[in-house]
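To start, the structure itself, in structure tokens.
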Amino acid sequence: MRNFLVTSPLFGFVLALVFPFSDACADARAGEKKAQICLLCHRVESTVGAPTLEQQPSKYLVTQTHAYKSGKRVFYQMQVNVERLSTKDIQDISDYFSSQRAKPARFATEPDAKTIALGAASAKQLNCAKCHSADYRGGKDFPRLAGQVPTYLVRQIGEFKRGVRPHPAISALAEKLDDATIDALGVYFGKLEP
């Protein structure tokens, strides 16, 4: 169903209706309206493993959206969804999500204390707080990890490890992580208050 929405001509028409705004007529309310299409996947209740965007630093969201639009980050559905966005649309949407309070991540079953402890120890050892802040809520160029969707975090760390998503500093650290540690990091960050 989701693939149909992304690839159908009807979806393109819906995008054209949702994003008719020019660079000159953008405001906070427009950002909220433009962001609604994002919430099809980017919400804590979603089962597709997309990250939540609320309370993420606006600058980070802008940078990542442009990366998808330019093809530097590759994920077909995202590229289709952002290709028609103007620079102002991207800024408005990013500012809107940045201003919203994030909801905590959801877990099908309560993670065990041993996994959370492994994640906490690994985050400390890897010095994740150096960039993502002491409370892991990010800032400026660095995303909020606290309360983020664990499956998304695990997938991203895996992509850093395999070099699919290049980032010299993180990729070098991720190469040394085993699957259990990567899973534990996702759970630990997901359990933190966003």
Side-chain angles (χ1 to χ4, degrees), residues 1-107 131-133 135-156 159 165 186 189-190 192-194:
M1 177 68 174
R2 193 166 66 89
N3 288 339
F4 169 77
L5 287 174
V6 172
T7 60
S8 74
L10 177 61
F11 188 71
F13 177 71
V14 170
L15 281 176
L17 290 175
V18 173
F19 300 116
F21 305 95
S22 72
D23 288 353
C25 66
D27 60 23
R29 212 174 274 166
E32 181 178 7
K33 289 177 186 176
K34 295 173 193 181
Q36 294 311 300
I37 193 78
C38 307
L39 292 171
L40 292 174
C41 298
H42 293 279
R43 55 192 169 84
V44 75
E45 301 86 4
S46 176
T47 58
V48 300
T52 54
L53 305 178
E54 293 86 0
Q55 214 172 318
Q56 288 287 10
S58 181
K59 186 175 178 183
Y60 173 78
L61 292 175
V62 167
T63 301
Q64 296 308 308
T65 305
H66 281 294
Y68 280 117
K69 188 171 180 173
S70 71
K72 287 181 183 175
R73 279 191 77 178
V74 179
F75 187 69
Y76 176 74
Q77 287 85 351
M78 276 297 298
Q79 289 168 299
V80 169
N81 289 341
V82 303
E83 68 183 351
R84 294 178 185 239
L85 298 179
S86 69
T87 298
K88 186 62 175 167
D89 291 333
I90 292 170
Q91 187 67 61
D92 289 345
I93 291 168
S94 299
D95 288 347
Y96 168 71
F97 279 118
S98 181
S99 71
Q100 300 302 299
R101 180 86 175 123
K103 296 177 183 175
R106 291 189 173 186
F107 292 84
C131 296
H132 296 278
S133 78
D135 59 6
Y136 300 111
R137 290 183 177 156
K140 295 183 184 178
D141 296 320
F142 301 101
R144 168 184 58 79
L145 303 177
Q148 188 54 271
V149 176
T151 54
Y152 172 77
L153 293 173
V154 167
R155 189 171 66 246
Q156 294 311 298
E159 288 187 4
R165 185 175 173 193
F189 291 130
L192 295 174
E193 188 66 27

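From a predicted model like this one, the values you see are computed outputs, not experimental measurements.
With a 4.5 Å cut-off on side-chain heavy atoms, Val82 and Ile90 do not count as touching. Using a 4.5 Å cut-off on side-chain heavy atoms (C-beta onward), Leu153 and Leu145 make contact. Within the 4.5 Å cutoff, the side chain of Leu39 has heavy atoms near those of the Phe97 side chain. Using a 4.5 Å heavy-atom threshold, the side chains of Gln64 and Met78 count as separate. Side-chain contact between Thr65 and Ile93: absent, with no pair of heavy atoms (C-beta onward) separated by less than 4.5 Å. For the pair Lys103 and Pro194, the minimum side-chain heavy-atom distance is 4.5 Å or more. With a 4.5 Å cut-off on side-chain heavy atoms, Lys140 and Pro57 do not count as touching. For the pair Phe142/Ser133, no side-chain contact is recorded, criterion being any heavy-atom separation below 4.5 Å from C-beta on.
With Asp92 contributing its side chain and Asp89 its backbone, the two residues share no donor-acceptor pair below 3.5 Å. The closest donor-acceptor contact from the side chain of Ser46 to the backbone of Val48 lies under 3.5 Å.
Here Thr151 contributes atom OG1 and Arg155 contributes atom CZ; the two are 6.5 Å apart, rounded to the nearest 0.5 Å.
Heavy-atom minimum distance, Pro51 versus Val149: CA-CG2, 4.4 Å. The two residues Arg101 and Glu193 come nearest to each other via the heavy atoms NH2-OE2, 3.7 Å. Smallest separation of non-hydrogen atoms from Arg144 and Gln148: NH1-N, 3.7 Å.
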